[in-house]
Amino acid sequence: MDVTQADLEAVARQLGRSPRGVLEISYRCPDGEPGVVMTAPKLDDGTPFPTLYYLTDPRLTAEASRLEVAHVMKWMTNRLETDEELREDYRKAHQHFLDKRNAIEDLGTDFSGGGMPDRVKCLHVLIAYALAEGPGHFRLGTEAVAMAADHAGLRGTAIDADWPSCEELGINLSDFDFSNAEAPGNQGGN
């Protein structure tokens, strides 16, 4: 999706600073706000920026942080250690990310982001990547977006209404401790 001046101004408001290296709006929220930008692998000053997809919408970034506090990353990483099919899916997502970024500009590194392909280190990266590529591109990203949508009530505003739900994916949000990370207006979780 092309980037307009209005998009760059919206992203600047979201981030509280001028965005750098924005190539496109890779995901637009259902309410029209930019949600994810694709960034250049190298910024204008030559600084490497390996994070291809960058989460910008404050509702999404706040919920990614809440999910991190609730230990979702640890749960996902533990599953990677025991589930060969999930590990292979994550490895393929990592390679797709590298191939896509390297097609723009090769940084000469196999670092993708979010801890890929061995662990889950950053849900902001996973959510941005999943939203940009769409549901079903990789399991852990699809799950992270579903958790954000269902826990924070973002479905239809920041996240597409038809994104798979936690129930459809077999995720029970009550299995996670949100006591230190509760979404505003959603006391007790879903």
Side-chain angles (χ1 to χ4, degrees), residues 14-16 26-37 51-94 96-97 112-190:
Q14 291 174 333
L15 299 176
S26 296
Y27 173 78
R28 191 172 298 280
C29 299
D31 62 11
E33 288 293 309
V36 176
V37 296
T51 305
L52 182 64
Y53 296 117
Y54 196 86
L55 198 60
T56 63
D57 186 282
R59 299 165 294 184
L60 296 169
T61 59
E63 188 56 23
S65 295
R66 285 185 201 100
L67 294 172
E68 289 178 352
V69 170
H71 304 289
V72 170
M73 295 178 307
K74 182 178 180 180
W75 172 70
M76 289 179 167
T77 296
N78 287 343
R79 290 169 52 219
L80 281 173
E81 293 171 1
T82 60
D83 185 331
E84 180 62 39
E85 187 176 318
L86 183 64
R87 191 169 41 251
E88 180 60 17
D89 179 72
Y90 201 49
R91 189 201 60 74
K92 286 179 182 176
H94 163 75
H96 177 82
F97 184 104
S112 55
M116 294 177 132
D118 300 317
R119 64 189 176 113
V120 179
K121 182 180 158 194
C122 179
L123 292 180
H124 297 77
V125 170
L126 261 61
I127 289 171
Y129 180 15
L131 287 170
E133 294 289 339
H137 179 72
F138 71 112
R139 176 77 186 194
L140 293 179
T142 300
E143 291 177 357
V145 173
M147 293 174 84
D150 293 349
H151 179 255
L154 298 177
R155 193 173 298 281
T157 56
I159 298 171
D160 292 330
D162 62 352
W163 194 275
S165 69
C166 287
E167 183 178 356
E168 291 169 327
L169 297 172
I171 299 168
N172 185 348
L173 288 174
S174 65
D175 291 343
F176 300 91
D177 180 6
F178 286 99
S179 61
N180 294 314
E182 195 53 53
N186 190 22
Q187 304 307 307
N190 290 342

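By convention here, the first residue in the shown sequence is residue 1.
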Could you walk me through whether R59 and E33 pass the side-chain contact (heavy atoms from CB on, under 4.5 Å) test, one step at a time?
CA-CA 11 Å; R59 299 165 294 184; E33 288 293 309; 4.1 Å; yes

Considering all heavy atoms of both residues, which atom of [X] and which atom of [Y] are nearest to each other, and what is their separation?
X: V125; Y: G114; value: CG1-N, 3.7 Å
X: L173; Y: F178; value: O-CE1, 3.7 Å
X: A146; Y: S165; value: CB-C, 4.0 Å
X: G156; Y: P30; value: O-CB, 3.5 Å
X: P34; Y: Q14; value: O-NE2, 2.7 Å

side-chain contact (heavy atoms from CB on, under 4.5 Å), that's the test. Do V36 and Y54 meet it? Break it down for me.
CA-CA 5 Å; V36 176; Y54 196 86; 5.8 Å; no

What pairs meet the salt bridge (Lys or Arg N to Asp or Glu O under 4.0 Å) rule with one or both residues in residues 152-168, with sequence neighbours excluded?
D150-R155

Under the side-chain hydrogen bond (donor to acceptor under 3.5 Å, both in side chains) test, residues paired with [X] that sit two or more places apart:
X: H71; answer: none
X: D177; answer: S179
X: R139; answer: E143
X: T77; answer: none

Under the salt bridge (charged side-chain N to carboxylate O under 4.0 Å, His left out) rule, collect the residues that match up with E133, sequence neighbours excluded.
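If we apply the salt bridge (charged side-chain N to carboxylate O under 4.0 Å, His left out) test to E133, skipping adjacent residues, the hits are K100.
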
Across all chains, not counting sequence neighbours, the salt bridge (charged side-chain N to carboxylate O under 4.0 Å, His left out) partners of R119 are none

Rounded distance [0.5 Å steps], CD1 in I127 versus CG in L67:
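Answer rounded to 0.5 Å: 5.5 Å.
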
In Å, rounded to the nearest 0.5 Å, how long is the span from CZ of R79 to CZ of R87?
12.5 Å

[X] side chain vs [Y] backbone, donor-acceptor pair below 3.5 Å:
X: E63; Y: A149; value: no
X: E68; Y: C122; value: no
X: T56; Y: G35; value: yes
X: T142; Y: G136; value: yes

Is there a side-chain contact between [X] and [Y], using heavy atoms and a 4.5 Å cut-off?
X: S112; Y: T51; result: no
X: V120; Y: L140; result: yes
X: L55; Y: Y27; result: no
X: N78; Y: T82; result: no

Can M76 and L123 be said to form a side-chain contact (heavy atoms from CB on, under 4.5 Å), step by step?
CA-CA 10 Å; M76 289 179 167; L123 292 180; 4.0 Å; yes

Selection residues 117-136 - residue pairs positive for ring-ring contact (aromatic ring centres under 6.0 Å, His included), sequence neighbours left out:
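For residues 117-136: Y53-Y129, F97-Y129, Y129-H137, Y129-F138.
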
Could you pull out all residues at least two apart from D83 that satisfy side-chain contact (heavy atoms from CB on, under 4.5 Å)?
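By the side-chain contact (heavy atoms from CB on, under 4.5 Å) rule, D83 matches E85, L86.
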
Holding to side-chain contact (heavy atoms from CB on, under 4.5 Å), I want the full list of residues that pass it with D175, two or more places apart in sequence or in another chain.
N172

Residue set satisfying ring pair (Phe, Tyr, Trp, His ring centres under 6.0 Å) with Y90, at least two apart, ordered chain then number -> none

Looking at L154, L126, I159, which hits side chain to side chain contact (heavy atoms under 4.5 Å, CB included) with V145?
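When L154, L126, I159 are each tested with V145, the side chain to side chain contact (heavy atoms under 4.5 Å, CB included) holds only for I159.
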
